[in-house]
Number of protein chains: 2
Amino acid sequence: MTAPWITYRPELKVLDCTIRDGGLVNDHKFEDGFIRAVYDASVAAGIDYLEIGYKNDRKVTAQGQFGVWKFCDEDDVRRVVGDNPTALKLAAMIDAGKCDWRNDVLPKERSVFDMMRVAFYANQVSEAVDMIADAKDKGYEVSANLMAVTTVKEQEIDQVLEVLVATPADAIVVVDSYGSMYAEQVELLVKKYLDYGRASGKQVGIHAHNNQQLAFANTIEAIIHGANRVDASLMGLGRGAGNCPMELLIGFLRNPKFKIRPIWEVLQSQLLPLSRQVEWGPFPQYNVTGQLNEHPRSAIAARSGDKKDNYVEFFDRLTSDV
Amino acid sequence: MTAPWITYRPELKVLDCTIRDGGLVNDHKFEDGFIRAVYDASVAAGIDYLEIGYKNDRKVTAQGQFGVWKFCDEDDVRRVVGDNPTALKLAAMIDAGKCDWRNDVLPKERSVFDMMRVAFYANQVSEAVDMIADAKDKGYEVSANLMAVTTVKEQEIDQVLEVLVATPADAIVVVDSYGSMYAEQVELLVKKYLDYGRASGKQVGIHAHNNQQLAFANTIEAIIHGANRVDASLMGLGRGAGNCPMELLIGFLRNPKFKIRPIWEVLQSQLLPLSRQVEWGPFPQYNVTGQLNEHPRSAIAARSGDKKDNYVEFFDRLTSDV
């Protein structure tokens, strides 16, 4: 057999979702200096894409509650990264049902963004199709991110994929929103997405959550089976249990264009201080929701309350029959 | 294909190494109450084996420095668990070069222990063979744990395995001492150990470390490929980055004899308080030694010094050319 951990696939691209998924931890209230440091580290480390936040509709999202990275106006992004004169591509996430994409996604020639990532639940696939077509028409790379796929029946996944492969999306992403997948499930889904996407040349991605300390392992598993678009975040920053840690992923990848020292630098200068202000990681409550294949909102609430150390009460509540 | 995460293999046995490997974090200075709580939780959770500590030679190990679980005298064990009138089997680790096994391993009929785990480096295999034969003669179950296998050349691994399969050991364990293995390497080694052990009916085990947050994933990987002896510890307690977390393993296993609620209870009552006194887990320095396939002693030293937050200095030091 070949030794895949010795060689590399040049077509494998890494997306840093530190700021976007991490924004779900601190309501997107990052200082410009933090954004700039993550941007600089991504450039220096050879990361391919940096996802900065959401482009939520200001009419439907309470503005006072969130920092500017919930909306990602061009002016805010350019204030920090200028016109982005680097090889690093910038991405924003646009959420079905929460984004005025017809108006707020500008034509690419007027935008500093390179990619739009369309996030949607299975029941929102029709809007997602329109969003994908719109973003592609406007000149962006587009990825289609079907969220919470572990709660979708096999037949419906097939139906969603049939619809997606007819869109101009460049990539379709296996999204383990609840951090509940084991390696076998990652393998099955990556192979399924690849099978559907092959005819239209779509790449397959993986976005893992760390509820069961499997985000990095599942990302490797997806890579082994052919995923070429992989998400990770610095120190695993992300909602709840967080994501695949970039420092582990870059340590694993063997493409010499990736450099790990800038990652350790930004972990030390930015993420470590942040970790003293906000909490993320695979704490017991997130283990439980991952094991139960549930949205982590109950765990997030438990971790922020005065019963955060009562694992048993939480487990009993989530497994109660009444 | 079958769905292995739905069914289970009754022959798969779980060993809790919380106290033994965790003793490397606190010099084995556990209160009796902690030991009893881990014991009670293991019984209630349906764990198969509980490894309590080492049987080190008092003549070669500085006694004042360590708690009693570095030596595991019968009197100490019986003070806490009596004659162990349960289905839980008790194990001790005996280290080649550090154990006066001829004298300190009692005949089974005079001991509360059920199993001896013989730990050794490749160059100590000759003493290990004698230790295995001695422990088996005295009436114990015996496992052979070749440590730091990721630093041993393929040819030497083969030679060690050829020798081990001729011993009366019941199990041979794939030991990822440095937490440096990825899934492919786990697969290769488990299959190799299984191939060697098949003719003499030996079981294969896995002992993973969590330097790269892969201990749980690698344990699953080993199980998928046929390992039936798996080690885990409560909250992952263990030297450096720690081990495979028991709460994740039990959440994964589908044998109804395993119960997870007692695990959450003991995590809450014992491990959480301990985590405020001593440190373990996959911190950046452990990521680095795992990525470099090195013993974690440099990382342990860094985490206990005043430069514990200087990830870059540590990385530079370990990757310096001079």
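Each chain gets a letter, A, B and so on, in the order its sequence line appears, and its residues count up from 1. Note that the structure is predicted; figures quoted are calculated from it, not measured.
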**Student:** Carefully, step by step, assess B:Glu184 and A:Ile224 under the rule side chain to side chain contact (heavy atoms under 4.5 Å, CB included).
**Tutor:** CA-CA 9 Å; B:Glu184 288 102 329; A:Ile224 289 171; 3.4 Å; yes

**Student:** Minimum heavy-atom separation for B:Gln291 to A:Gly251, with atom names?
**Tutor:**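 Of all heavy-atom pairs spanning B:Gln291 and A:Gly251, the closest is NE2-CA, 3.4 Å.
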
**Student:** Using only non-hydrogen atoms and a strict under-4.5 angstrom cutoff, which residues of residues 312-322 of chain A touch chain B?
**Tutor:**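 Contacts with chain B: A:Val312, A:Phe315, A:Asp316.
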
**Student:** For A:Leu248, which atoms come within 4.5 Å of any heavy atom of chain B: side chain, backbone, both, or neither?
**Tutor:**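 Both the backbone and the side chain of A:Leu248 come within 4.5 Å of chain B.
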
**Student:** Could you tell me whether A:Lys257 atom NZ has more than 12 heavy atoms of other residues or ligands within 6.0 Å of it?
**Tutor:**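 Buried by this count: over 12 neighbours within 6.0 Å.
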
**Student:** Need one label for A:Asn210: side chain, backbone, both or neither, based on atoms under 4.5 Å from any heavy atom in chain B.
**Tutor:**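 Side chain of A:Asn210 only, per the 4.5 Å heavy-atom cut-off to chain B.
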
**Student:** Considering only heavy atoms, which portion of A:Pro282 lies under 4.5 Å from any heavy atom of chain B: side chain, backbone, both, or neither?
**Tutor:**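 For A:Pro282, no heavy atom lies under 4.5 Å from chain B.
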
**Student:** Within a 6.0 Å radius of atom CD on B:Gln155, are there more than 12 heavy atoms belonging to other residues, nucleotides or ligands?
**Tutor:**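 Check fails, neighbour count at 12 or below.
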
**Student:** A quick test of your reading: do over 12 heavy atoms of other residues, nucleotides or ligands sit less than 6.0 Å from CD of B:Glu279?
**Tutor:**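 Yes, CD of B:Glu279 has more than 12 neighbouring heavy atoms, counting only those of other groups under 6.0 Å.
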
**Student:** May I ask you to list the residues in residues 259-275 of chain B that approach chain A closer than 4.5 angstrom, counting heavy atoms only, ordered by number?
**Tutor:** B:Ile260, B:Arg261, B:Trp264, B:Glu265, B:Leu267, B:Gln268, B:Leu272

**Student:** Please indicate whether B:Arg9 has more than 12 foreign heavy atoms, meaning atoms of other residues, nucleotides or ligands, lying under 6.0 Å from its CZ.
**Tutor:**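 Result for CZ/B:Arg9: enclosed.
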
**Student:** Are A:Pro284 and B:Glu247 side-chain neighbours, meaning at least one heavy-atom pair lies under 4.5 Å?
**Tutor:**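 A side-chain contact under 4.5 Å is absent here.
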
**Student:** Among A:Leu292, A:Asp309, A:Asn218, A:Val288, who wins on heavy-atom pairs under 4.5 Å with chain B?
**Tutor:** A:Asp309

**Student:** Under 6.0 Å from the CZ atom of A:Arg198, do we count more than 12 heavy atoms belonging to anything else shown?
**Tutor:** yes

**Student:** Looking at B:Ile220, B:Asn211, B:Asn310, which one has more heavy-atom pairs under 4.5 Å with chain A than the rest?
**Tutor:** B:Asn310

